[in-house]
Amino acid sequence: MSKKSIHFECCGEQQEVAVIRLTRGAKRNALNDALILSLRDLFESLPGSVRAAVIHGEGDHFCAGLDLSELQERDAGQGMHHSRSWHKALEALQYGPVPVIAALHGAVVGGGLELASACHIRVADESTFYALPEGSRGIFVGGGGSVRIPRLIGVARMTDMMLTGRVYNAQDGERIGLAQYLVPTGTAFDKALELAKRIAQNAPLTNYALTHVLPRIADQPADQGFMTEAMMAAIAQSAPEAKQRVRDFLEGRAAKVQKA
Ligand code: 1HE
């Protein structure tokens with residue numbers, strides 16, 4: 001399926017992995033309104049077979065952020081609604097039906113980093129670089145970056161990126177927590193797909209707990225977090241699928257954890 005500015009298809013034996021590609025390569029996958037809307041629509045209507053998703057970008061860069069050509073005509077009220085439209089789309093992704101893995105290469109800048117930070121796992125290849133040029137463009141993040149990025153790298157590092165225009169390369173990006181995986185140039189998509197296929201084998205309820213409940217627990221005071229965790233643990237372990245998976249291990253049918 002091709003929506004405006006994105007291409008979407010399902011792969012895997014059971015069509016369990018959704019692959020989403022940003023297709024504005026000529027504009028370095030800059031995010032215009034149509035693309036943001038398409039992302040929201042897509043994550044609100046993924047086929048029932050899908051258990052995990054990969055998002056990547058066409059051409060030499062993952063994403064150049066907000067399409068700056070659309071910024072020209074907006075007044076303050078329109079700007080507010082525009083930012084909220086990004087929030088809705090990226091919430092549909094972050095709190096959507098399945099874990100999402102971003103395969104990163106080239107520029108991951110501005111709104112591109114905001115998009116990547118809404119994903120659950122980021123796999124970066126060696127060509128990746130990260131920046132928040134909003135500071136030098138006289139604007140601010142508006143796609144949830146001020147909420148999500150400090151949770152990955154801390155307020156101090158994000159402040160530095162925006163005040164000074166600091167660019168992180170792929171190695172340093174992984175070191176500070178912008179990506180969980182660093183792979184050779186040209187292999188981020190393959191690694192992301194491999195991870196997605198593995199994630200798709202998990203019990204859906206466990207994946208739901210990890211994408212919807214864990215981040216909320218992380219935002220709760222410890223006392224409430226412990227209680228939410230206890231409730232989620234009880235719900236997860238009472239599922240028939242969990243009981244079957246534990247039985248499979250105890251009876252020697254499931255894989256052991258291997259030394260890394
Ligand atoms: C764009 C955009 C864009 C490229 N909006 N058109 N983001 C930025 O400030 C980053 C701006 N972009 C760049 O710094 C560079 O384009 C890149 C480092 C990403 C890539 O460089 P390069 O040499 O491969 O490409 P290019 O020649 O700069 O760009 C190719 C074309 O894409 C060119 O248009 P053309 O008509 O001359 O071919 C560029 O104008 C166009 N292009 N990036 C519009 N971003 C919710 S708030 C989020 C706030 C933000 O994201 S602010 C950060 C915006």
Side-chain angles (χ1 to χ4, degrees), residues 4-6 21-43 55-95 100 102-119 122 124-153 155 157-173 178-179 185-186 188:
K4 275 184 207 125
S5 319
I6 58 179
R21 187 169 72 246
L22 310 178
T23 57
R24 300 190 78 216
K27 291 288 174 193
R28 307 316 186 240
N29 297 314
L31 302 167
N32 60 9
D33 286 352
L35 199 159
I36 288 294
L37 202 59
S38 298
L39 275 179
R40 195 189 79 191
D41 288 350
L42 183 63
F43 281 98
I55 182 160
H56 67 132
E58 175 185 284
D60 292 338
H61 301 282
F62 174 69
C63 178
L66 174 71
D67 188 324
L68 292 166
S69 66
E70 286 194 349
L71 200 63
Q72 305 295 330
E73 312 299 335
R74 247 177 245 134
D75 66 20
Q78 289 164 331
M80 176 91 184
H81 290 303
H82 179 260
S83 171
R84 297 297 288 152
S85 74
W86 276 56
H87 294 164
K88 277 187 205 142
L90 296 188
E91 285 236 332
L93 183 163
Q94 182 180 4
Y95 294 117
V100 184
L104 307 178
H105 73 296
V108 181
V109 304
L113 182 52
E114 296 187 275
L115 168 60
S117 65
C119 298
R122 284 157 295 282
D125 85 7
E126 300 268 358
S127 73
T128 307
F129 58 98
Y130 309 88
L132 290 169
E134 286 88 339
S136 60
R137 308 261 182 256
I139 54 178
F140 191 60
V141 284
S146 60
V147 173
R148 295 190 181 97
I149 297 169
R151 284 173 165 77
L152 298 177
I153 62 172
V155 173
R157 285 198 178 100
M158 177 167 174
T159 307
D160 176 33
M161 286 175 84
M162 292 198 67
L163 283 177
T164 68
R166 181 171 183 166
V167 180
Y168 279 98
N169 66 22
Q171 286 82 10
D172 289 340
L178 286 169
T185 299

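Just follow the structure's listing: the first ligand is 1, and inside any ligand the first atom is 1.
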Self-check item: Side-chain donor-acceptor pair present, H82, D33, cut-off under 3.5 Å
Solution: yes
Practice problem: Not counting sequence neighbours, which residues clear ring pair (Phe, Tyr, Trp, His ring centres under 6.0 Å) with Y95? List them please. | Solution: H212
Distances under 3.5 Å, N/O of ligand 1 against N/O of the protein: list each pair and its distance.
{"residue": "ligand 1", "atom": "5 (N)", "partner": "L66", "partner atom": "O", "Å": "3.4"}
{"residue": "ligand 1", "atom": "5 (N)", "partner": "L68", "partner atom": "N", "Å": "2.9"}
{"residue": "ligand 1", "atom": "7 (N)", "partner": "A64", "partner atom": "O", "Å": "2.7"}
{"residue": "ligand 1", "atom": "9 (O)", "partner": "R137", "partner atom": "NE", "Å": "2.6"}
{"residue": "ligand 1", "atom": "9 (O)", "partner": "R137", "partner atom": "NH2", "Å": "2.9"}
{"residue": "ligand 1", "atom": "24 (O)", "partner": "R28", "partner atom": "NE", "Å": "2.9"}
{"residue": "ligand 1", "atom": "24 (O)", "partner": "R28", "partner atom": "NH2", "Å": "3.4"}
{"residue": "ligand 1", "atom": "24 (O)", "partner": "H61", "partner atom": "NE2", "Å": "3.0"}
{"residue": "ligand 1", "atom": "25 (O)", "partner": "R28", "partner atom": "NE", "Å": "2.8"}
{"residue": "ligand 1", "atom": "25 (O)", "partner": "R28", "partner atom": "NH2", "Å": "3.2"}
{"residue": "ligand 1", "atom": "32 (O)", "partner": "A26", "partner atom": "O", "Å": "3.4"}
{"residue": "ligand 1", "atom": "34 (O)", "partner": "K27", "partner atom": "NZ", "Å": "3.3"}
{"residue": "ligand 1", "atom": "36 (O)", "partner": "K27", "partner atom": "NZ", "Å": "2.7"}
{"residue": "ligand 1", "atom": "45 (N)", "partner": "A64", "partner atom": "O", "Å": "3.2"}
{"residue": "ligand 1", "atom": "45 (N)", "partner": "L66", "partner atom": "O", "Å": "2.9"}
{"residue": "ligand 1", "atom": "51 (O)", "partner": "L66", "partner atom": "N", "Å": "2.8"}
{"residue": "ligand 1", "atom": "51 (O)", "partner": "G111", "partner atom": "N", "Å": "2.7"}

Practice problem: Not counting sequence neighbours, which residues clear side chain to side chain donor-acceptor pair (under 3.5 Å) with E70? List them please. | Solution: none
Quiz item: Per the side chain to side chain contact (heavy atoms under 4.5 Å, CB included) rule, which among V108, V100, I36, L22 passes with L115?
Solution: L22
Quiz prompt | Under the salt bridge (Lys or Arg N to Asp or Glu O under 4.0 Å) test, residues paired with R24 that sit two or more places apart | solution = D67
Quiz item: For D60, does the CG atom have more than 12 heavy-atom neighbours from other residues, nucleotides or ligands under 6.0 Å away?
Solution: no
